[in-house]
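Since the structure comes first, as structure tokens, the remarks are kept for the end.
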Number of protein chains: 2
Amino acid sequence: MSAASTSPRASEHRRRAARLPATRFDKRLGEILAHATDVFCKKGYEGASMRDLSRTSGMSLAGLYYYFQSKERLLFLIQKHTFTTIVEQLKTRLEGVGSAEQRIRIFILNHLEYFLSNQAAMKVLSHEDDALKNGFASEVKAIKREYYRICVSLLDELKRERGLQFSTRIAVLSLFGMMNWIYTWHHPRVDADADELARQMSDIFLCGVMNAARGRHRE
Amino acid sequence: MSAASTSPRASEHRRRAARLPATRFDKRLGEILAHATDVFCKKGYEGASMRDLSRTSGMSLAGLYYYFQSKERLLFLIQKHTFTTIVEQLKTRLEGVGSAEQRIRIFILNHLEYFLSNQAAMKVLSHEDDALKNGFASEVKAIKREYYRICVSLLDELKRERGLQFSTRIAVLSLFGMMNWIYTWHHPRVDADADELARQMSDIFLCGVMNAARGRHRE
DNA sequence: GGCTCATTCGAACGTTCGTTCGAACTGAGT
DNA sequence: ACTCAGTTCGAACGAACGTTCGAATGAGCC
């Protein structure tokens, strides 16, 4: 995991010193974030103690505070980095893809691929959704809203393209539920991989919204 | 919330005394469970302290321990009662309903209705899924498996009835994801009620599995 | 070898945690 | 009025919590 250097103390140091190209601090921070992600995934944010993180990352308890100011900020860094990465990756993949259906399939595939490749981080992102407070919470919520809006616009495209009528909000949030819930049940050894999962969920969801919207069940 | 009298200490008392019809203890316990459910919902199991529960339920810290032996057992009682109730209610509603599609619609409606009527309890059940350990965990897991199996059998019915082919496991868990995820976004004041939600999710899911299974996307 | 800043750590801070204990209170049965 | 089990509580327990501080160590530069 790579991490942006956001610690005021450390960035100040590096600006004044300007010796090492700022990679050393960021690299070590990234390692700590990776270990912390595993611990938060296994024990939950509240259930994990700084001493757990110290043991897992092989750094002393006090040493951790050189890299971030508080436990809450640590969770914030994990969530922000994870969410930012998945949104960026999505935008890249969506470029130049025309049909609305294909764009939604890419959205689903991107989400599930990233989810299964970074299961711990995505569980922490999904499960510790309201663990942050105030400024930290609102910054993550902003990225979340952007991600949500992208999905809404994709679905609205589909509705326009095909003349469908259904509640975009319910459809989008149902789709997120389908996808995010996998952190509660997916076991890499026995369950389908991201491609297969994306194919099946896309089929269910797309056939669902396209047929239900004009089928016998809806007005 | 009514609660079974499962405390060894108290049941022993009541068996010997046999004065009050065992309702007094259970009623008070039920009130405490209801308050505790709200606190667990708001702050999470690990994040909620016994002192929080004491304040909310208006009983002294030590007094709480007369009604249950530990914080973990308290969570267990909440989860077991909630899960047992929803399963029982489902079984009653499924009696005498013939078509597989209709039975699945009832399953979804029952789940969402109970979810929205008992949002706090269902969030605690969903979100604190792996907070329990050992014996407590396995007992709740057993009910969960039974509930899962019911949904699997309903979908297998549908597949047999209509000659469909798709992964039951992925379909069932996608459906659970759609439904359970609502605890992260549903606001009773602005969002659709259980009937409307059940109709839309049922349409998406049923049209999804029925068309995707023989449509152009699947072999 | 000394200088300087980046990094690490042992030890302790004050607070909060879940839980326990013995005493006090309550209320129906005699 | 007395009894006795059911119920409640104040006070305290040891443990674990997040965080801080000053000293020790590390590594690149003169």
Side-chain angles (χ1 to χ4, degrees), chain A residues 5 7-32 35-36 39-40 43-77 131-133 136, chain B residues 5 7-32 35-36 39-40 43-77 131-133 136:
Chain A
S5 60
S7 160
R9 197 204 309 190
S11 65
E12 196 182 336
H13 281 172
R14 268 174 290 104
R15 219 183 308 114
R16 270 205 266 130
R19 296 197 191 148
L20 293 176
T23 60
R24 186 159 136 73
F25 178 91
D26 286 350
K27 193 180 166 212
R28 193 83 178 93
L29 174 58
E31 291 168 8
I32 295 174
H35 283 120
V39 176
F40 284 160
K43 314 186 92 176
Y45 171 70
E46 296 283 357
S49 71
M50 293 298 293
R51 284 159 182 85
D52 290 330
L53 304 180
S54 162
R55 204 175 308 113
T56 306
S57 62
M59 172 166 280
S60 73
L61 184 57
L64 292 174
Y65 282 86
Y66 178 71
Y67 287 96
F68 45 87
Q69 292 82 343
S70 68
K71 189 188 176 191
E72 192 185 5
R73 184 172 169 84
L74 172 60
L75 176 62
F76 167 73
L77 290 177
L132 295 177
K133 301 172 185 176
F136 289 146
Chain B
S5 59
S7 159
R9 194 203 312 189
S11 65
E12 196 183 336
H13 281 172
R14 269 174 290 106
R15 218 184 309 114
R16 272 206 262 128
R19 297 193 189 153
L20 292 176
T23 59
R24 186 159 136 72
F25 178 92
D26 286 352
K27 193 180 168 216
R28 194 84 178 93
L29 174 58
E31 292 168 7
I32 295 174
H35 284 121
V39 177
F40 284 160
K43 314 186 91 176
Y45 171 69
E46 297 282 357
S49 71
M50 293 297 294
R51 284 160 182 85
D52 289 330
L53 304 179
S54 162
R55 204 176 308 113
T56 306
S57 61
M59 171 166 280
S60 72
L61 184 58
L64 292 174
Y65 282 86
Y66 179 73
Y67 287 96
F68 46 87
Q69 292 81 343
S70 68
K71 188 189 177 191
E72 191 185 7
R73 184 173 168 83
L74 172 60
L75 176 62
F76 168 73
L77 291 177
L132 295 176
K133 301 173 185 176
F136 289 145

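Bear in mind that the values here come from a model prediction, so they are computed numbers and not experimental data. Each chain gets a letter, A, B and so on, in the order the sequences are listed, and its residues count up from 1.
Taking atom CZ of residue A:Arg55 and atom P of nucleotide D:dG18, one finds them 11 Å apart after rounding to whole Å. If you take CZ of A:Arg24 and P of D:dA27, they are 8 Å apart, rounded to a whole angstrom. Atom CG in A:Leu29 sits about 15 Å away from atom C1' in C:dA6, given to the nearest Å. Separating the OH atom of A:Tyr66 from the C1' atom of D:dG18 is a distance of 21 Å, rounded to the nearest angstrom. Here D:dG10 presents its P atom at 12 Å from CE of B:Met59, a figure rounded to the nearest Å.
Using a 4.5 Å cut-off on side-chain heavy atoms (C-beta onward), A:Phe76 and A:Phe68 make no contact. A:Met59 places none of its side-chain heavy atoms less than 4.5 Å from the side chain of A:His35. Side-chain contact between B:Ile32 and B:Leu53 is absent, with no heavy-atom pair separated by less than 4.5 Å.
Judged by a 6.0 Å distance limit and a 45° cone about the ring axis, B:Lys71 is positioned over the six-membered ring of B:Tyr45.
Looking at B:Glu31, its side chain never comes within 3.5 Å of a backbone N or O of B:Ser57 through a donor-acceptor pair.
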Polar atom pairs (N or O), protein with nucleotides 15-19 of chain C, under 3.5 Å:
residue: C:dC17; atom: OP1; partner: B:Ser49; partner atom: OG; Å: 3.4
residue: C:dG18; atom: OP1; partner: B:Ala48; partner atom: O; Å: 3.3
residue: C:dG18; atom: OP1; partner: B:Lys71; partner atom: NZ; Å: 2.8
residue: C:dG18; atom: OP2; partner: B:Met50; partner atom: N; Å: 2.7
residue: C:dG18; atom: N7; partner: B:Arg51; partner atom: NH1; Å: 2.9
residue: C:dG18; atom: O6; partner: B:Arg51; partner atom: NH2; Å: 2.8
residue: C:dT19; atom: OP2; partner: B:Tyr65; partner atom: OH; Å: 2.8
residue: C:dT19; atom: OP2; partner: B:Lys71; partner atom: N; Å: 2.8
residue: C:dT19; atom: O5'; partner: B:Tyr65; partner atom: OH; Å: 3.4

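At C:dT7, none of the side-chain N or O atoms of A:Tyr67 fall inside 4.0 Å of OP1 or OP2 (strictly under the cut-off).
Rounded to the nearest 0.5 Å, atoms CG (B:Leu77) and CZ (B:Phe136) are 7.5 Å apart.
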